[in-house]
Amino acid sequence: LRAKLLIVSAAALIMTVLVLISFNYFSMYNSSMTLYKNIQNRVTDNIATILGKDFDRYTSGITMLAKSVTGNSPAELIERYKAAFEETKSTLDVSNIMAAFDDGTFYSVNNLNLGADYDHRTRDWYRDGLAHNGVYVSKAYIDQVRPDVPCITISHPLTTGNGVKGIVTFDVYLDFAALYKKMANETVDGKFYLMENDTTIVSALESGILLKTADSIFSPELGNFIKGVINGSISSKGYIDYISRAGEERMGTVYKLPGYDLYILYGISGNLVVKQIRMVALQSTVFGLVLLVVSLVVVLFVLRMSLNTLT
């Protein structure tokens with residue numbers, strides 16, 4: 001009878017602990033997955049905020065510059081504010097600053113070697129900037145100076161004392177490689193992509209996909225998810241499981257840069273995330289098994305001592 005009682009007690013203890021271990025494993029797995037998703041959302045939101053503040057520096061800087069410069073003619077304005085243009089270029093770390101006017105007057109901080117026949121008045125960057133009453137941010141494009149990195153032109157209208165209209169522009173290269181590497185979690189192969197509102201990829205560590213649309217690069221599921229976030233039908237706090245170009249399972253989130261028609265996609269490896277979570281859950285399971293063995297030894301010892309006392 002005593003042996004049967006010991007066996008039943010041991011079996012009951014083992015079953016109880018095994019159930020608790022299994023429950024703990026799945027509970028920890030689900031909790032850890034939720035934590036990873038929340039962290040991914042925060043990282044995406046953080047980098048969108050950081051880039052948004054960078055763009056705020058450019059747009060507020062060009063607004064202050066445009067509203068502070070005055071001159072009776074384009075030539076006088078440029079001569080008076082050459083030093084200010086050069087200082088602003090250095091302070092804001094933009095690629096170039098230009099001032100261009102309807103009378104054909106043109107100035108560039110950088111020496112562009114454009115040639116005598118160059119007429120900025122026929123160029124889209126000039127006409128689009130002049131058509132906007134305030135800050136205008138162009139679509140990304142490739143220039144000849146750095147063909148490996150897309151560039152944007154930020155512009156603001158100018159008017160001289162004699163009524164000649166023009167614009168001042170900042171050229172900004174969308175080179176955020178250092179920031180992407182700093183913010184991405186290498187243990188889960190984190191990758192960032194900056195996109196315009198038509199899903200054109202304008203900044204990424206993978207140069208081969210620049211200025212291509214997400215539809216042509218990623219899976220249809222991810223492309224539809226990105227469009228949903230952009231048009232507001234999907235919450236930016238959501239995430240999507242998708243298959244990468246290499247056939248790997250990945251998890252993605254998309255956030256808008258505050259105040260701009262630009263969006264950040266952050267993708268991480270679903271396989272590596274699951275591997276990390278399983279490792280943590282396995283460690284917890286091993287600890288539970290050790291606890292089971294110790295508990296079993298203690299309970300059986302106490303039970304045996306009690307039965308010996310009774311007999």
Side-chain angles (χ1 to χ4, degrees), residues 51-147 149-176 194-198 200 202-203 211 257-262:
L51 292 180
K53 288 180 178 179
D54 280 345
F55 279 85
D56 286 343
R57 286 195 306 114
Y58 302 140
T59 55
S60 62
I62 200 169
T63 300
M64 292 176 61
L65 181 63
K67 291 184 176 181
S68 65
V69 299
T70 58
N72 292 324
S73 68
E76 179 185 326
L77 183 150
I78 290 171
E79 186 62 32
R80 181 184 296 178
Y81 292 100
K82 272 186 179 181
F85 290 153
E86 293 173 0
E87 182 179 352
T88 302
K89 174 181 178 291
S90 176
T91 301
L92 295 181
D93 193 27
V94 297
S95 173
N96 191 23
I97 294 180
M98 298 182 294
F101 296 88
D102 264 355
D103 68 350
T105 303
F106 177 81
Y107 167 74
S108 170
V109 172
N110 297 345
N111 183 10
L112 300 179
N113 296 317
L114 296 175
D117 60 342
Y118 180 79
D119 188 351
H120 60 267
R121 292 169 294 186
T122 65
R123 306 288 173 158
D124 288 341
W125 65 264
Y126 179 77
R127 291 184 295 194
D128 291 342
L130 198 62
H132 285 76
N133 184 25
V135 175
Y136 172 70
V137 181
S138 76
K139 293 289 187 179
Y141 59 92
I142 296 294
D143 71 1
Q144 296 178 350
V145 180
R146 290 188 64 185
V149 179
C151 181
I152 59 170
T153 295
I154 303 173
S155 58
H156 194 289
L158 291 173
T159 303
T160 63
N162 62 3
V164 178
K165 294 182 179 180
I167 61 172
V168 60
T169 70
F170 290 176
D171 286 344
V172 179
Y173 287 108
L174 303 177
D175 185 3
F176 305 118
L194 180 64
M195 303 170 295
E196 294 177 335
N197 60 1
D198 61 355
T200 297
V202 297
S203 180
L211 299 188
L257 269 64
Y260 302 93
D261 287 332
L262 294 167

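All of these numbers come straight from a predicted model, not from anything done at the bench.
Between the side chain of Y107 and the backbone N or O of E79, no donor-acceptor pair lies under 3.5 Å. In terms of modelled atom types and a separation under 3.5 Å, the side chain of S203 and the main chain of L174 share a donor-acceptor contact.
Under the 30°/60° scheme for interplanar angles, the aromatic rings of W125 and H120 are found to be tilted.
Side-chain contact between T70 and R80 is present, with heavy atoms from C-beta onward closer than 4.5 Å. For the pair K139/T200, no side-chain contact is recorded, criterion being any heavy-atom separation below 4.5 Å from C-beta on. No side-chain heavy atom of M195 sits under 4.5 Å from any side-chain heavy atom of L257. Residues Y141 and D124 fail the side-chain proximity criterion, which asks for heavy atoms closer than 4.5 Å. Under the 4.5 Å side-chain criterion, counting only non-hydrogen atoms from C-beta, V202 is in contact with L211. Side-chain contact between Y118 and L112 is absent, with no heavy atoms from C-beta onward closer than 4.5 Å. With contacts defined as side-chain heavy-atom distances shorter than 4.5 Å, the pair L51/L262 does not qualify. Looking at heavy atoms from C-beta onward, L114 lies in side-chain contact with F106 at the 4.5 angstrom threshold.
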(message) D128 vs S138, test: side chain to side chain contact (heavy atoms under 4.5 Å, CB included). Steps then yes/no.
(response) CA-CA 8 Å; D128 291 342; S138 76; over 6 Å; no
(request) Starting from the C-alpha separation in whole Å, work towards a yes-or-no answer on side chain to side chain contact (heavy atoms under 4.5 Å, CB included) for I167 and Y136. (result) CA-CA 10 Å; I167 61 172; Y136 172 70; over 6 Å; no
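Interatomic distance, OG of S73 versus CD1 of I78, reported as 8.5 Å (0.5 Å rounding).
The shortest heavy-atom contact between V168 and I62 is O-CD1, 3.3 Å. Contact detail for D103 and P74: the closest heavy-atom pair is OD2-CG, 3.4 Å. Nearest heavy atoms, T105 versus A75: CG2-N, 4.4 Å. Pairing each heavy atom of P157 with each of G129, the nearest pair is CG-O, 4.3 Å. Considering every non-hydrogen atom in both A100 and Y126, the closest pair reads O-CE1, 3.5 Å. Pairing each heavy atom of V149 with each of Y173, the nearest pair is O-CD2, 3.7 Å.
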Which donor-acceptor pairs under 3.5 Å do the side chains of residues 87-95 make with protein atoms, sequence neighbours left out?
| unit_1 | atom_1 | unit_2 | atom_2 | d |
| --- | --- | --- | --- | --- |
| T88 | OG1 | A84 | O | 2.7 |
| T91 | OG1 | E87 | O | 2.8 |

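Among residue pairs with one or both ends in residues 55-68, those qualifying as salt bridge (Lys or Arg N to Asp or Glu O under 4.0 Å) are D54-R57; sequence neighbours excluded. Among residues at least two apart or in separate chains, ring-ring contact (aromatic ring centres under 6.0 Å, His included) pairs with a member in residues 53-84 are F55-Y260. The salt bridge (Lys or Arg N to Asp or Glu O under 4.0 Å) pairs that include a residue from residues 108-123 are D119-R121, where partners are two or more places apart or lie in different chains. Sorted by first and then second residue, the side chain to side chain donor-acceptor pair (under 3.5 Å) pairs involving residues 161-171 (not counting sequence neighbours) are T153-D171, T160-N162.
Applying the ring-ring contact (aromatic ring centres under 6.0 Å, His included) rule to H156 yields no partners; only residues at least two apart in sequence or on another chain are considered.
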